[in-house]
Amino acid sequence: MALSSVSQTAFLLALLSLRTYQSEVLSEPLPSAPEFLKVSVNSTCQCLHLQWTVHNLSHHQEFRMVFQIEISRIKTSNVIWVENYTTTVKWNQVLHWSWESKLPLECAKHFIRMRSAVDTAKTPGPRVWSSWSSWEEADVQNSLGQDPLFVFPKDKLVEEGSNVTICYVSKSHQNNISCYLEGVRMQGEQLDPNVSVFNLNHVAFIRETGTNIYCKPGQGDRIKGTVLFVSKVLKEPKDFSCETQDLTTLNCTWDPGSDTGLLKQLSQSYALFESFSGKKTLCKHKSWCLWQVAPESQDMYNFTLTAENYLRKRSVHLLFNLTHRVHPMAPFNVLFKNVSATNATMTWKVHSIGKYHTLLCQVELYGEGKVTQHNVSVKVDGAHLFSGLEPDMEYMAQVRCANGDHFWKWSEWTQQNFTTAEAAPSEAPDVWRNVKTVQGRCVVTLFWKPLSKLQAHGKILFYNIVVDYLDRTSVSELLSIPAPANGTELPLSQCSSQIRIMANNSVGTSPASVIVVSREPGNEEVEEERVKGTEDGFPLSWKPQPRHVTGYLVEWCEHPQDPPCDLQWKNLGPNVTSTVVSSDAFRPGVRYNFRIYGISTERVPYLLARKTGYSQELAPSDNPQVVMTNLTSHSFTLSWKNYSTESQPSFIQGYHIYLKSKAGWCHSGSEKAVLSDDAAVCCKYKIDNPEQKTFVVENLQPESFYEFLVTPYTSVGEGPHDAFAKVTTPDEYSPTLIRIILPMVFCILLIMITCYLKSQWMKEKCYPDIPDPYKSSVLSLIKSKENPHLTIMNIKDCVPDSIEVLNKQEGTRKSLTETESTKPTYLYLLPTEKRYSSPGPCICFENFTYNQAASDSASCGHVPAPPKAPPSQLGLLTSPENLLKALEKNYMNSLGEIPAGETSLNYVSQLASPMSGDKSNLPINPPEPALCSEYKMQMAIPLGLASPPSSGSSSLSSVTLLDEGEHYH
Amino acid sequence: MPLLSTGDSWGLLACLCTVLWHLPAVPALNRTGDPGPGPSIQKTYDLTRYLEHQLRSLAGTYLNYLGPPFNEPDFNPPRLGAETLPRATVNLDVWRSLNDKLRLTQNYEAYSHLLCYLRGLNRQAATAELRRSLAHFCTSLQGLLGSIAGVMAALGYPLPQPLPGTEPTWAPGPAHSDFLQKMDDFWLLKELQTWLWRSAKDFNRLKKKMQPPAAAVTLHLEAHGF
């Protein structure tokens with residue numbers, strides 16, 4: 001209790017002392033609370049602007065005061081911002097303060113109040129605040145207008161990465177308003193029933209025309225929107241640098257970075273400020289600016305480059321001495337003087353940078369695949385001597401310069417080419433030869449390789465060849481071969497000779513290349529060895545020679561299969577006994593032959609070794625062309641003599657002969673093999689000697705079918721298993737039969753030929769011609785004796801009793817009547833009753849040569865055989881037309897008038913009319929049958945046709961015939 | 001076929017020469033005569049079709065430049081700030097009842113205004129490529145305007161004189177937000193497209209109307225001596 005009373009006493013004493021102090025300090029009147037507080041709204045920057053005054057200040061009074069400002073949103077109790085604003089207050093001063101709102105001010109009401117206190121920072125103790133001012137309201141919503149919907153802020157400009165708050169204000173009390181950012185719906189929070197806000201964090205730049213944000217109610221097509229302009233963040237200019245080329249103009253450059261230009265904001269601008277001179281210039285370009293150097297001597301420059309846009313300002317600084325930033329212009333007028341085969345002098349000029357400065361120039365020379373560099377000090381004109389150059393070589397020289405006193409940057413290069421003069425070739429050409437004997441004379445073919453550019457020292461114009469004969473009996477020969485040639489053929493008077501070859505250009509002659517041709521043919525008996533090629537080439541080795549050699553030489557043909565085999569050679573030193581010959585021309589499956597020569601001290605080459613091989617062996621692609629001979633019933637012989645083992649894609653080790661047979665079993669000497677191609681089983685014979693190119697296949701079955709194939713085999717495989725040849729063994733007896741039949745056939749042929757050659761003789765002997773009575777010698781005898789009782793029966797003297805009409809098929813003119821009538825038709829011209837009853841004084845001839853049956857059945861008299869018309873009439877009557885003609889002619893045609901094609905088999909009479917010899921005296925009317933000469937039929941017709949005709953057919957008249965046949969008019 | 005006598009041949013030749021001599025006097029064959037407004041209407045029609053095609057490409061580029069929602073196919077905002085743009089849409093009966101002079105005058109006035117607005121659009125375009133495209137289209141539209149003026153002159157109609165103070169300007173007021181400006185740009189392109197479509201119909205109608213009836217040229221040849 002006592003303790004409590006003591007403490008209370010102490011507290012009261014302390015309070016009393018504090019009050020005493022305060023009354024001492026505030027002896028003067030204190031400023032009152034802020035008055036005339038006014039609040040205004042700036043929608044563009046979303047700022048609340050406050051202005052107020054402080055009363056109770058005398059004229060001389062000046063206080064440092066603190067104003068505590070409170071801002072509430074929507075309602076006064078919702079304080080969102082408290083800030084103490086300290087300033088010095090004078091009498092009658094209007095104070096200002098601004099506050100930028102994150103939320104657009106149109107989105108909500110804001111309330112502001114403040115109080116003040118004297119700043120007692122220098123004196124300890126708590127502030128004594130005035131009373132709060134009344135709340136001031138900032139409400140923009142009332143002035144928005146009559147539109148039902150608003151979106152805020154309007155067309156705001158922010159930097160990329162900023163946080164932005166968007167809101168809409170709806171006056172139509174619609175709740176289903178949706179808002180979109182670039183077409184994507186945003187989710188917001190409702191501030192009050194009519195206001196919703198959307199917070200956008202870290203907004204990004206999309207396009208220059210801004211980011212579109214719009215809201216639309218659920219009903220109706222009215223939309224409201226705003227454009228948010230998002231600018232890229234302005235960065236500091238990078239790589240800011242200034243330099244001069246002529247000490248009169250400074251060129252300042254920098255990297256501007258991103259362009260921050262928008263539809264609402266121009267691109268950032270740049271300004272250059274020099275602090276020593278105080279001058280400033282606005283740059284017209286985004287990345288460089290020119291600054292005129294003052295005529296007065298100003299060495300030091302302190303530049304500030306400022307980049308600025310609507311939202312931000314960035315600066316960089318640069319301090320430098322002008323003479324340290326000299327970037328000279330490129331040298332000019334580069335020339336070459338006194339250009340010889342090995343030396344050249346280059347001269348150039350530079351742009352002056354003042355008489356007190358020296359330039360350091362760098363000279364580079366490119367040539368011979370290398371580069372050399374030299375430094376030269378230059379005032380105005382530069383010069384440099386290049387020495388040790390190669391003749392006839394093109395060089396490229398370039399020069400650049402920099403300030404020699406204070407190096408800053410090299411100028412650009414200035415280049416120029418030059419070519420040194422030619423000189424005599426420095427090396428003898430690399431020469432090889434090929435010696436052959438043509439008609440007893442040595443012919444040397446020389447080959448040489450063109451000199452390299454470094455050896456030729458100019459364009460080779462021709463090659464001089466000097467032939468010195470070693471026995472001194474012949475005069476030396478001199479030839480000149482024009483340059484592009486790389487060889488020549490040289491017939492020698494004598495084989496033993498020394499040949500010197502020299503290359504010449506426009507300046508001089510190269511050293512001579514000497515080659516000796518010996519009379520001796522050389523050691524051609526060297527045995528050929530095989531060598532196996534590898535990927536690196538052909539490894540060749542040889543025995544070192546006991547006698548002294550100046551070197552070795554390997555020769556080969558790169559294209560051995562082509563006629564100009566492209567002879568190649570390789571020179572090797574005297575101590576070398578192996579080498580690897582490689583070439584891009586080597587192909588797999590091609591056989592290459594190498595000859596290794598030793599070169600004697602007398603320059604005579606002699607053959608040491610011969611090698612042959614393949615860079616890669618390939619399986620044979622072709623089989624030999626096999627000829628089969630000596631085919632017997634039990635064997636045949638195969639031969640492939642033309643098969644060259646040398647030109648194959650690998651070394652031939654032998655041959656395999658495959659024999660397929662239906663029997664399926666193999667004799668001794670062969671083995672069964674299964675071909676991989678068609679899995680066929682066959683017998684395989686093997687020949688180990690590649691030069692054995694014949695083979696006899698034996699133990700075969702007669703009359704059996706065989707297939708065979710001859711294929712070479714190598715270390716990498718056989719030839720292809722295709723195209724089996726086929727053979728069938730003959731019958732065992734067929735050779736014997738052939739031995740009999742062939743002579744018989746020959747004999748028959750001989751007889752036939754003989755008969756043909758002696759046909760006339762045979763005819764006369766076997767079937768002689770029937771004698772013609774008119775041409776008979778008897779007639780002459782008769783005429784000579786003029787015996788009236790002897791006569792020859794004339795056909796006109798005979799009265800035919802019937803005419804046989806023969807139907808003869810004659811091509812297309814055959815009528816239906818003719819085709820149907822197969823029997824001869826007879827026309828009986830005499831009364832039938834008189835046919836047999838009135839035998840007249842007829843002379844009867846008989847000829848039994850023809851128609852034996854007729855002759856057998858009849859004597860001299862009428863016979864039942866149909867009487868025949870004369871042959872001439874029969875031939876003409878084969879058609880109705882001929883029949884008519886025959887009737888008109890009254891059967892008077894002679895035998896000689898018978899057309900050859902109309903002769904009939906019926907041979908009626910052998911008699912020839914006596915009038916036949918005199919056709920001009922043909923009688924017009926048929927003769928009267930005063931004298932009847934009877935004759936018997938003489939015919940060579942088949943017996944079946946010799947029967948007498950039927951009465952119906954025999955009664956046909958000539959008119960009837962015409963009616964039945966074709967009618968002609 | 002009867003053969004002409006020598007005298008007939010001379011008569012035929014003389015007749016042919018007479019016909020050839022009088023051919024230039026035949027109106028249908030006289031190429032130096034005035035072809036009338038037909039060809040120029042046809043050319044104007046062709047130009048509107050070409051500009052329709054050209055605008056299709058330009059509008060796609062420009063609306064992408066404005067961004068969504070203006071480049072969305074179904075975007076159809078209210079015609080708020082674009083009231084000063086000449087409207088192409090008209091009642092069909094009204095359109096049919098338009099006489100030639102009124103039809104041409106409306107076209108001429110519309111394109112005069114649209115060209116002016118389009119030049120303002122060109123000035124504010126941010127990219128050089130877009131400016132080039134807009135400038136090219138403006139040149140083409142200027143050509144269409146000249147073509148319409150030519151048709152009107154051929155038909156003897158006077159060109160409409162702009163009323164003082166009604167010259168369209170492209171100076172948005174301070175309250176004109178960027179979003180509304182984009183809406184105006186959208187509507188400008190849309191109206192331009194509609195106008196070109198309507199003009200094609202207008203000139204097609206004019207073309208058919210001006211087409212003279214099929215004229216048959218009959219050459220009466222007095223063939224003496226035939």
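Side chains included, hydrogens not; waters and symmetry mates left out as well; all remaining heavy atoms used. All chains are named by letter (A, B, ...) in the order of the sequence lines, taking the proteins before the strands, and each is independently numbered beginning at 1.
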Around [X], counting heavy atoms of other residues, nucleotides and ligands shown, do more than 12 lie under 6.0 Å from its [atom1]?
{"X": "A:F240", "atom1": "CZ", "result": "yes"}
{"X": "B:W197", "atom1": "CH2", "result": "no"}
{"X": "A:K286", "atom1": "NZ", "result": "yes"}
{"X": "A:H96", "atom1": "NE2", "result": "yes"}
{"X": "A:L266", "atom1": "CG", "result": "no"}

> Where the side chain of B:K182 meets the backbone of A:T209, is there a donor-acceptor pair that is under 3.5 Å apart?
Replying inline: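 Yes; at least one donor-acceptor contact below 3.5 Å.
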> B:S177 side chain to A:K154 main-chain N or O, any donor-acceptor pair under 3.5 Å?
Replying inline: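 Not a single qualifying donor-acceptor pair exists.
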>> Using a 4.5 angstrom heavy-atom cutoff, name the option from A:G183, A:G225, A:G210 with the most pairs to chain B.
In response: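 Highest number of pairs under 4.5 Å: A:G225.
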>> The criterion is salt bridge (charged side-chain N to carboxylate O under 4.0 Å, His left out); which residues satisfy it with B:E109, sequence neighbours excluded?
In response: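 Partners of B:E109 under the salt bridge (charged side-chain N to carboxylate O under 4.0 Å, His left out) test: none.
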Against chain B, label [X] side chain, backbone, both or neither, depending on which of its atoms sit under 4.5 Å from a heavy atom there.
{"X": "A:F229", "answer": "side chain"}
{"X": "A:L181", "answer": "neither"}
{"X": "A:E208", "answer": "side chain"}

>> Please report the interatomic distance CZ(B:F70) to OH(A:Y214), rounded to the nearest 0.5 Å.
In response: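 If we round to the nearest 0.5 Å, B:F70:CZ and A:Y214:OH are 8.5 Å apart.
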> How long is the gap from CG on A:D155 to CZ on B:F179, to the nearest 0.5 Å?
Replying inline: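 It comes to 10.0 Å.
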>> Quick check: closest heavy atoms across B:P68 and A:N212, and the distance to 0.1 Å?
In response: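 For B:P68 versus A:N212, the nearest heavy atoms are O-ND2, 2.7 Å.
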> If you take all heavy atoms of A:R207 and B:N64, which pair is closest and at what distance?
Replying inline: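 Taking A:R207 first and B:N64 second, the nearest heavy atoms are NE-O, 4.0 Å.
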> Is there any salt bridge (charged side-chain N to carboxylate O under 4.0 Å, His left out) pair reaching into residues 142-155 of chain B, and which pairs are they, with sequence neighbours excluded?
Replying inline: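 Salt bridge (charged side-chain N to carboxylate O under 4.0 Å, His left out) check on residues 142-155 of chain B returns no pairs.
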